[in-house]
Amino acid sequence: MRLLHTMLRVGNLDESLKFYCDILGMKLLRRKDYPGGEFTLAFVGYGEESDHSVIELTHNWGVEKYDLGNAYGHIALGVHDIYATCEAIGQLGGKVVREPGPMKHGSTVIAFVEDPDGYKVELIQLKTPE
């Protein structure tokens, strides 16, 4: 088995694509409208779906906002320089909601950013090879 994708419902697909592609550096892998069902699917990621897990952004036409509830946690991305990454995200108009620093009760350096729909994305400082 292999994890294929995670689906997020988004209220404004263009704004979400701007965040995931222009700010987080993912690529739009494919996008398709389904007029009969009144929705659009867009798949984004850092590599092809054949060998990478991706994110499916689902836009239901006519729905501009979702209640995120309290069960969903976050998506996590590993980064090589968390401080420079957060600086770049802020300069590109992204929202850093937790500045880089050690996680509570641990030493791993993390930060959180938020997408246009309020979904959290955790950034985790990757360990440098010794």
Would you say D117's side chain and Y119's backbone share a donor-acceptor pair under 3.5 angstrom?
-> no

Throw together a table of side-chain donor-acceptor distances under 3.5 angstrom for residues 65-73, partners on residues two or more places apart or in other chains.
unit_1	atom_1	unit_2	atom_2	d
Y66	OH	N60	ND2	2.8
D67	OD1	G69	N	3.2

Taking the side chain as every heavy atom from C-beta outward, state whether P102 and S107 have any pair of such atoms under 4.5 Å apart.
-> no

Could you list the donor-acceptor pairs under 3.5 angstrom formed by side chains in residues 35-47, with sequence neighbours left out?
unit_1	atom_1	unit_2	atom_2	d
T40	OG1	D33	OD1	2.6
T40	OG1	W61	NE1	2.8
Y46	OH	L24	O	2.8

Can you find a heavy atom in the side chain of V79 that is under 4.5 Å from one in the side chain of I124?
-> no

At their closest point, which heavy atom of G93 faces which heavy atom of I23, and how far apart are they?
-> C-CD1, 4.1 Å

Sequence-distant partners of K95, side chain to side chain donor-acceptor pair (under 3.5 Å), two or more places apart = E114

Under-4.0 Å salt bridge between R98 and E122 = no

Heavy-atom side-chain contact between I89 and V96 under 4.5 Å | yes

Compute whether any side-chain donor of one residue and acceptor of the other, for T85 and E87, lie under 3.5 angstrom apart.
-> no

Report yes or no: do L13 and L29 belong to one cluster of Ile/Leu/Val/Met/Phe/Trp/Tyr joined by side chain heavy-atom distances under 4.5 Å?
-> no

Close side-chain approach of T6 to V54, heavy-atom, < 4.5 Å | no

Any donor-acceptor pair under 3.5 Å linking the side chain of H80 with the backbone of Q125?
-> no

Shared ILVMFWY cluster between L123 and V109, side chains joined below 4.5 angstrom?
-> yes

Between I55 and H5, is any pair of side-chain heavy atoms under 4.5 Å apart?
-> no

Evaluate whether atom NZ of K18 has more than 12 neighbouring non-hydrogen atoms of other residues, nucleotides or ligands under 6.0 angstrom away.
-> no

Nearest heavy atoms of R2 and S50, plus distance in Å = NH2-O, 3.5 Å

Sub-4.5 Å side-chain heavy-atom contact between R9 and H59 | no

